[in-house]
> 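Right, I'll just put the structure down here and ask away after.
Everything numeric here is computed off the predicted structure, so don't read it as measured data. All chains are named by letter (A, B, ...) in the order of the sequence lines, taking the proteins before the strands, and each is independently numbered beginning at 1.
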2 protein chains.
Amino acid sequence: MSLRFALLAILRVGPLSGYDLQKQFSQSVGHVWHAPDSQIYPQLRKMEAEGLIQGEDQARGERGTRRVYHMTDAGEAAYKAWLEAPAEYQRVRDPAHLRAAYLENSTPAAARAFLHAHIAQWEGELAQFQGQIDQIDTMTSTMLNRRLEHTPPAERERAIAYKRFAYEGLVERAKVEIAWAQRGLELVGRLDAG
Amino acid sequence: MSLRFALLAILRVGPLSGYDLQKQFSQSVGHVWHAPDSQIYPQLRKMEAEGLIQGEDQARGERGTRRVYHMTDAGEAAYKAWLEAPAEYQRVRDPAHLRAAYLENSTPAAARAFLHAHIAQWEGELAQFQGQIDQIDTMTSTMLNRRLEHTPPAERERAIAYKRFAYEGLVERAKVEIAWAQRGLELVGRLDAG
DNA sequence: GACTCCATGTAATCAGTTACATGATTAG
DNA sequence: CTAATCATGTAACTGATTACATGGAGTC
């Protein structure tokens, strides 16, 4: 249910084609809400049917077309309502911690492999999130700059601060996961030796 | 896809009816992989059809029956295979951090409400996880004790250590979320004042 | 002419949520 | 006899994944 709002957040800054939107998406909000294009295109159609956005076919070359979407007032209202409503929380459903709870049934080798993979996984995420923060700090984030062009100077500081804040949370989470898995490796070592 | 393994992990210790399984589930693995009974009953039927478990109807009172499931060799093999296979990782899809990334579009009041709710949410989770750790430490966890009865004494230490380790990870995660949201409240205060 | 990028989908399937639905047993 | 708990589902729907499918535009 959040996908539509993630899309609205991007479209809010200015009209985009499905393709361009999807690219913007994967480089920005996609870090915090993943969606493949096969989900985005139908979702845009659905949102158009509901009146949240409006699409127009534009000519492209001789025969090609592309559909450019812009936000409607209803879309703006829905976005605002989402911002005021309490956030949804999903019930925990965590494959990694599930596995961890039954690590005693694994061989030490498999336990180590699992924990190393966990570290690798979260180091990948960490690098992504950290990269975003670096882009924010150096003002080299194209998506943020596009956004800032459309926000009054007085509110730019706020926009930057909150964007950074969101990514800081993700960075911290990634670090905790890595530290936890590292303690896990030590635990495997102790139990394996003793 | 992990649900079946969570169910197998419980069934592995001994046969249970769907109802008892579901209760054991919600008090143990359910903390790390939520599933309502409306998902568990059909899943058990499905696993039976696939030969991972075997169910038998037992009489209960005069007319009532209940279906008691036990694990098959195929189920045991599937469980072992899961333990050796690399863990699945889901793509990030985090409503709270998505909201956080667009907090500049909220009013300060809505931003505060969101962050307070985030803290409340994770304090609830934290209490649950911490409660589990306390039960492990005081050996008052019925589910863990049931499990330990069926594990050779030499391996009990391992079982306890890994169980605790899994919950420690969840506790740390909850604490990070709370700390992050608290920093968020300070940030709202600073931006609101300045 | 081949390759890359632009551009947009559909179809099948699976996993999970919500709501509805039913009835039997047991303890007070 | 009434309430709690035991016991088990189905149905409709939403959201997400995977795979398949197509074709134009620009460039080397």
Side-chain angles (χ1 to χ4, degrees), chain A residues 1-8 10-11 15-27 29-30 32-50 52-53 55-69 82 88-95 98, chain B residues 1-7 11 15-27 29-30 32-50 52-53 55-69 82 88-95 98:
Chain A
M1 210 52 212
S2 293
L3 175 57
R4 57 198 320 125
F5 302 111
L7 296 175
L8 286 176
I10 292 181
L11 233 37
L16 282 174
S17 70
Y19 184 80
D20 288 334
L21 175 58
Q22 175 245 108
K23 272 188 23 177
Q24 291 264 342
F25 186 91
S26 66
Q27 287 163 32
V29 222
V32 69
W33 193 278
H34 168 81
D37 47 358
S38 68
Q39 204 184 347
I40 290 176
Y41 286 116
Q43 181 67 18
L44 288 171
R45 290 283 177 179
K46 206 176 154 199
M47 288 163 72
E48 187 176 17
E50 291 172 36
L52 301 178
I53 58 178
E56 276 153 46
D57 279 325
Q58 287 188 352
R60 169 171 169 272
E62 304 251 314
R63 266 161 303 186
T65 60
R66 58 186 201 148
R67 195 158 183 82
V68 175
Y69 293 97
W82 172 67
E88 302 165 48
Y89 284 89
Q90 294 155 340
R91 250 61 88 80
V92 251
R93 205 167 270 128
D94 184 336
L98 176 60
Chain B
M1 208 54 211
S2 292
L3 175 58
R4 58 200 317 129
F5 302 112
L7 296 174
L11 233 37
L16 282 174
S17 71
Y19 183 81
D20 288 335
L21 175 58
Q22 175 244 107
K23 273 192 17 183
Q24 290 264 342
F25 186 91
S26 66
Q27 287 164 32
V29 222
V32 68
W33 193 276
H34 168 82
D37 48 358
S38 68
Q39 203 185 348
I40 289 176
Y41 286 116
Q43 181 68 17
L44 288 171
R45 290 282 176 180
K46 207 177 154 198
M47 288 162 73
E48 187 177 17
E50 291 173 35
L52 301 177
I53 59 177
E56 276 155 44
D57 279 324
Q58 286 188 354
R60 169 169 169 273
E62 304 251 313
R63 267 160 304 185
T65 59
R66 58 187 199 148
R67 196 159 182 83
V68 175
Y69 293 97
W82 172 66
E88 300 165 49
Y89 284 90
Q90 294 156 338
R91 250 62 87 82
V92 252
R93 203 167 272 130
D94 185 336
L98 176 60

> Using whole Å, what does the distance between atom C1' of nucleotide D:dT8 and atom CZ of B:R63 come to?
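Answer to the nearest Å: 17 Å.
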> Quick one: which of D:dT10, D:dT18, D:dT8 gets closest to the side chain of B:Y41?
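Of all the options, the side chain of B:Y41 is nearest to D:dT8.
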> Rounded to whole angstrom units, what separation is found between the CE atom of A:M1 and the C1' atom of D:dG15?
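It is 10 Å, rounded to the nearest whole Å.
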> Assuming nearest nucleotide by heavy-atom distance, tell me which of B:S38 and B:R66 is located more 5' along DNA chain D.
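Of the two residues, B:R66 wins.
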> Whole-Å distance between D:dG15 P and A:Q90 CD?
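Atom-to-atom, A:Q90 to D:dG15, this comes out as 12 Å.
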> Rounded to the nearest 0.5 Å, how far apart are CG of A:L21 and CZ of A:R67?
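Rounded to the nearest 0.5 Å, the CG-CZ separation comes out at 13.5 Å.
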> Examine D:dG15: is either OP1 or OP2 under 4.0 Å from a nitrogen or oxygen in the side chain of A:Q39? Give yes or no.
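False: A:Q39 side-chain N/O out of range (4.0 Å or more) of D:dG15 OP1/OP2.
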> Find the distance B:L16:CG to D:dT8:P and express it as a whole number of Å.
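About 11 Å, once rounded to whole Å.
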> Between B:G61 and B:R4, which is nearer to the 5' end of DNA chain C once each is assigned its nearest nucleotide?
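So the residue in question is B:R4.
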> To the nearest Å, give me how far apart OH (B:Y19) and P (D:dC6) are.
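In whole Å, D:dC6 P and B:Y19 OH are 3 Å from each other.
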> How close or far is atom C1' of D:dT14 from atom CD of A:E50, stated in whole angstroms?
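Interatomic distance, CD of A:E50 to C1' of D:dT14: 12 Å.
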> How long is the span from the CG atom in A:D94 to the NE2 atom in B:H34, to the nearest 0.5 Å?
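Taking CG in A:D94 and NE2 in B:H34, the distance rounds to 14.5 Å.
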> As an exercise, state the distance from CD1 of A:I53 to CD of A:Q43, rounded to the nearest 0.5 Å.
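Separation between the atoms: 8.5 Å.
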> Compare side-chain N and O positions of B:R93 against OP1 and OP2 of D:dT17 and report whether any pair is under 4.0 Å apart.
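Checking B:R93 against D:dT17: at least one side-chain N or O falls below 4.0 Å of OP1 or OP2.
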> Working to the nearest 0.5 Å, report the span between CG of A:L52 and NZ of A:K46.
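The distance works out to 10.5 Å.
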> Hey, are the side chains of A:P95 and B:F5 touching, using non-hydrogen atoms and a 4.5 Å cut-off?
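They are not in side-chain contact.
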> Can you measure from OG (A:S2) to CG (A:L7) and round to the nearest 0.5 angstrom?
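Nearest 0.5 Å value for the OG-CG distance: 10.5 Å.
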> CG of A:L3 versus P of D:dA16: gap in Å, rounded?
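Atom-to-atom, A:L3 to D:dA16, this comes out as 7 Å.
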> Want to settle it: does A:S2 or B:S17 sit nearer the 5' end of DNA chain D, counting the closest nucleotide to each?
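Nearer the 5' end of the strand: B:S17.
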> Take the protein atom NZ of B:K23 and the nucleotide atom P of D:dA4, then report the distance between them rounded to whole Å.
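About 16 Å, once rounded to whole Å.
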> Does a side-chain N or O of B:R67 approach OP1 or OP2 of D:dA7 to a distance below 4.0 Å, or not?
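False: B:R67 side-chain N/O out of range (4.0 Å or more) of D:dA7 OP1/OP2.
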> Heavy atoms from C-beta onward define the side chain here; which of D:dA25, D:dT10, D:dT17 lies closest to that of B:P42?
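From the listed options, D:dT10 comes nearest.
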> Could you tell me the separation between the CH2 atom of A:W33 and the CG atom of A:L3, rounded to the nearest 0.5 Å?
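Taking CH2 in A:W33 and CG in A:L3, the distance rounds to 8.0 Å.
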> From the 5' end of DNA chain C to its 3' end, which nucleotides mark the outer limits of contact with chain B, defined by a 4.0 Å heavy-atom distance cut-off (strictly under)?
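The footprint of chain B covers C:dA15 to C:dT25.
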